[in-house]
*Asks:* 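Attaching a single structure in C-alpha cells format; questions to follow.
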Amino acid sequence: MNESFLYYVWQLQYFTKKDLRTTAGERIEIFKPGILNKDSGPDFSNAKIKIGNLDWVGTVEIHVKASAWKEHHHDTDAAYDSVILHVVWENDKPVLRADNTMMPTLELLPLVEKSLLVAYKKLINSPTSIPCEKLFSTVNELVKISMLDRALMQRLELKAAQVIQLFNHNQNDWEEITYQLLARNFGFKVNYEPFFRLSHAVPYKVLLKHGDNLLQMESLLFGQAGFIDHALKDEYMKNLQREYQMLSKKYKLENMQLNKSVWKYLRLRPANFPTLRIAQFSALFFQRQNLFSQLVESENLQDLKSIFNVTPSEYWDHHYRFGHKTVRSLAGLGESSIDNLVINTVTPLLVAYGKQKDDQSFVDRAVNFLQHIQPESNKITKVWAEVGLPAKSAFDSQGLIELNNNYCLKRRCLSCTIGSSILKPFA
C-alpha cells in the first residue's frame with residue numbers, strides 16, 4: 001500500500017460512502033474532496049466536509065497508517081492546524097490535534113472494494129515496461145490522445161524550465177544560452193555532457209570575438225576539447241596548433257581544457273564523431289550571426305531548418321577525425337540531425353522565451369514545429385508502436401518518451417489517465 005493509491009481513491013471517491021463515519025462514530029458527508037496539493041503542507045486543500053452536525057472547509061491529510069501523523073511531526077507543524085479530516089488506510093493509533101482534541105479520522109481499509117486494490121497491484125507490479133500493455137487496447141482512443149498531449153506539454157514545460165534556469169545563470173543572455181543549448185545537443189546522446197562542458201570552456205563571448213575567422217573559432221573549440229595533437233604534422237593541425245597556442249594564452253583558457261578521453265566514439269557512426277560535430281558547430285556560429293534571433297524569428301519550419309545547413313571547413317570534406325583521411329565525408333548535418341536539434345534545442349527555447357515574454361504564440365509555434373517533424377525512432381517509440389500507439393510526428397514521439405520516462409517506468413499509473421481509466425471499472 002502507498003499514499004499515491006490513497007490519493008487516487010480519495011480524489012475520485014472510490015470507496016463506499018453509505019453511512020460513512022469517522023473512527024469515533026461521527027457521521028461524515030463529503031461535499032468536496034479538495035484539490036491535490038503538490039507543494040509542502042497537507043495533501044488536499046479547499047475540502048468541504050460535514051462531520052457530525054458541523055460543516056467544515058479546510059485541508060485533508062492522507063497517510064497509510066494514522067501513526068505517520070506524529071512520525072512526520074505534523075503535531076508540531078502549524079501548517080496542519082487547518083486539517084479537518086485525517087484519511088488513513090489503517091487507523092493504528094489515535095491522533096490528537098495540537099490542543100489535545102481528537103482528530104476526526106476516516107479509515108478506508110473496510111470501505112474500498114478488494115477488486116480495485118487487486119487490479120492496482122497487478123498493474124504496478126507488471127513485469128513489462130509499459131504496465132498496462134495487456135489492457136492497452138481496451139482504452140478509449142480519446143483517453144490515449146489526451147494523455148499523450150498532456151505528456152508532451154509536460155515535457156516541453158520541463159525542458160523550458162531548464163532553459164530558464166540557464167537564463168538566470170547567464171545574466172539573461174539569450175545568445176549565450178542558445179550557444180550552450182546547441183553545444184549540448186550537438187553532442188547528441190553519447191557526447192551530450194562533454195559538449196556542454198566545452199561550451200563553458202569556450203564562453204560564447206570569447207568565440208564571438210573571432211566570429212569572422214573560422215580557423216580561430218575551430219582552434220578555440222578543438223583546443224579546449226583536447227583535440228590539438230602535436231604528433232600530427234598535417235598543415236591543418238599545424239594551423240590549429242599555432243592559433244590555439246596564441247588564443248589560449250590570451251584568454252587564459254588552459255586550466256579549463258577538457259581531456260580528450262571524455263569524448264566517446266564507441267558504436268558511433270563516423271558522421272556522429274565528436275571531431276566532425278565540433279567542426280560543424282564551429283561552422284554554424286561562423287556562418288550564422290545572432291543565432292538566437294534567427295531561431296525565434298523563424299515562423300516557417302523549412303526556413304528554420306535551413307539555418308542549420310552549414311558547411312564545415314574544407315579539411316572535413318575528407319575527414320571524420322584528425323589524421324584519418326577518407327574518400328569523402330558527409331561534412332554537413334543530415335536531415336535527422338537537424339530535426340533532432342529543432343526538437344531538443346529550438347522548441348524548448350521557444351517555449352521558455354514565450355513564457356519569459358508572456359507570449360503564447362512562441363509556445364504554439366514550438367508545438368506546430370513538432371507536429372510537422374518526422375517522429376523519432378528509438379527503443380521507446382518502437383515499444384509503444386508494438387503496444388498499439390505508433391508515433392506519427394515528433395509531437396507524438398516526444399509525448400511517448402515523457403509518458404514512458406515519467407509515468408510508466410515510475411509506475412505512476414494513477415497519475416496517468418490511461419491507467420486511471422483501466423482501474424475505473426474495478427472501483
*Asks:* Between Gln398 and Glu376, is the side-chain hydrogen bond (donor to acceptor under 3.5 Å, both in side chains) condition met? List the steps.
*Replies:* CA-CA 8 Å; Gln398 283 286 290; Glu376 298 144 286; 3.0 Å; yes

*Asks:* Could you check whether His324 and Tyr320 have their ring centres less than 6.0 Å apart?
*Replies:* no

*Asks:* So, for His74 and His86, is the gap between ring centers shorter than 6.0 Å?
*Replies:* no

*Asks:* Measure from the ring center of Phe195 to the ring center of Phe281 and say whether it is less than 6.0 Å.
*Replies:* yes

*Asks:* Are Lys305 and Glu335 close enough, and set up right, to give a salt bridge (Lys or Arg N to Asp or Glu O under 4.0 Å), and what steps lead you there?
*Replies:* CA-CA 9 Å; Lys305 287 185 176 185; Glu335 184 74 17; 2.9 Å; yes

*Asks:* Walk me through it: do Met217 and Asn213 pass the test side-chain contact (heavy atoms from CB on, under 4.5 Å)?
*Replies:* CA-CA 6 Å; Met217 295 177 79; Asn213 189 316; 5.8 Å; no

*Asks:* Show your working on salt bridge (Lys or Arg N to Asp or Glu O under 4.0 Å) between Glu157 and Lys355 and close with a plain yes or no.
*Replies:* CA-CA 10 Å; Glu157 292 274 355; Lys355 290 187 173 298; 3.1 Å; yes

*Asks:* Please check if atom CD in Gln162 has more than 12 non-hydrogen atoms from other residues, nucleotides or ligands closer than 6.0 Å.
*Replies:* yes

*Asks:* When you look at Arg365 and Asn368, which way does the side-chain hydrogen bond (donor to acceptor under 3.5 Å, both in side chains) test go after all the steps?
*Replies:* CA-CA 5 Å; Arg365 195 186 310 165; Asn368 182 59; over 6 Å; no

*Asks:* Should Leu36 and Trp10 count as side-chain neighbours, where that means a heavy-atom distance under 4.5 Å?
*Replies:* no

*Asks:* Can you tell me if Glu254 has over 12 outside heavy atoms packed within less than 6.0 Å of its CD?
*Replies:* yes

*Asks:* State, yes or no, whether a side-chain contact exists between Leu403 and Ile418 at a heavy-atom distance under 4.5 Å.
*Replies:* yes

*Asks:* Looking at side-chain heavy atoms only, is the closest gap between Tyr14 and Val112 below 4.5 Å?
*Replies:* no

*Asks:* So among Phe227, Phe273, Trp263, which one has a side-chain contact (heavy atoms from CB on, under 4.5 Å) with Arg321?
*Replies:* Phe273

*Asks:* For Arg97 and Asp75: C-alpha separation, side-chain torsions, deciding distance, then whether salt bridge (Lys or Arg N to Asp or Glu O under 4.0 Å) applies.
*Replies:* CA-CA 6 Å; Arg97 297 182 185 274; Asp75 54 327; over 6 Å; no

*Asks:* Mind checking whether Val60 and Asp43 have side chains closer than 4.5 Å, heavy atoms only?
*Replies:* no

*Asks:* Which heavy atom in Leu221 sits nearest to a heavy atom in Leu198, and how many Å separate them?
*Replies:* O-CD1, 3.6 Å

*Asks:* Are Met103 and Glu61 packed together at the side-chain level, in the sense that at least one heavy-atom pair is separated by less than 4.5 angstrom?
*Replies:* no

*Asks:* If you count every heavy atom of other residues, nucleotides or ligands that lies below 6.0 Å from Gln245 atom CD, does the total exceed 12?
*Replies:* no

*Asks:* Output, in order, the C-alpha distance, side-chain angles, deciding distance and verdict of side-chain hydrogen bond (donor to acceptor under 3.5 Å, both in side chains) for Gln180 and Asn170.
*Replies:* CA-CA 10 Å; Gln180 292 179 7; Asn170 285 280; 3.0 Å; yes

*Asks:* Apply the side-chain contact (heavy atoms from CB on, under 4.5 Å) test between Phe5 and each candidate in Leu108, Leu414, Ile62; give the one that qualifies.
*Replies:* Leu414

*Asks:* Does CD belonging to Glu3 count more than 12 external heavy atoms closer than 6.0 Å?
*Replies:* yes

*Asks:* In terms of heavy-atom contacts, does CD of Gln360 have more than 12 from other residues, nucleotides or ligands at under 6.0 Å?
*Replies:* yes

*Asks:* Could you check whether any side-chain heavy atom of Leu182 comes within less than 4.5 Å of a side-chain heavy atom of Phe308, counting everything from C-beta outward?
*Replies:* yes

*Asks:* So does Glu314 have more than 12 non-hydrogen atoms from other groups sitting under 6.0 Å from CD?
*Replies:* no

*Asks:* Does atom CG of Asn300 have more than 12 heavy-atom neighbours, drawn from other residues, nucleotides or ligands, at distances under 6.0 Å?
*Replies:* yes

*Asks:* So, do Val88 and Thr105 sit near enough that their side-chain heavy atoms are less than 4.5 Å apart?
*Replies:* yes

*Asks:* Going through the distances and angles, do Tyr236 and Glu218 end up as a side-chain hydrogen bond (donor to acceptor under 3.5 Å, both in side chains)?
*Replies:* CA-CA 11 Å; Tyr236 179 62; Glu218 289 176 327; 2.9 Å; yes

*Asks:* Heavy atoms only: give me the nearest Ala283-Thr311 pair and the separation to one decimal.
*Replies:* CB-O, 3.6 Å

*Asks:* Among Phe186, Phe292, Tyr179, whose ring pair (Phe, Tyr, Trp, His ring centres under 6.0 Å) with Phe285 holds?
*Replies:* Tyr179

*Asks:* A quick test of your reading: do over 12 heavy atoms of other residues, nucleotides or ligands sit less than 6.0 Å from NZ of Lys144?
*Replies:* yes

*Asks:* Determine whether Leu304 and Ser306 make a side-chain contact, defined as any pair of heavy atoms from C-beta on separated by less than 4.5 Å.
*Replies:* no

*Asks:* So, does Arg288 use its side chain to make a donor-acceptor pair with the main chain of Ile307 at under 3.5 Å?
*Replies:* yes

*Asks:* Between the main-chain N or O of His318 and the side-chain N or O of Thr326, is there a donor-acceptor pair closer than 3.5 Å?
*Replies:* yes

*Asks:* Measure across Ala391 and Pro375 and return the closest heavy-atom pair with its distance rounded to 0.1 Å.
*Replies:* O-CG, 3.5 Å

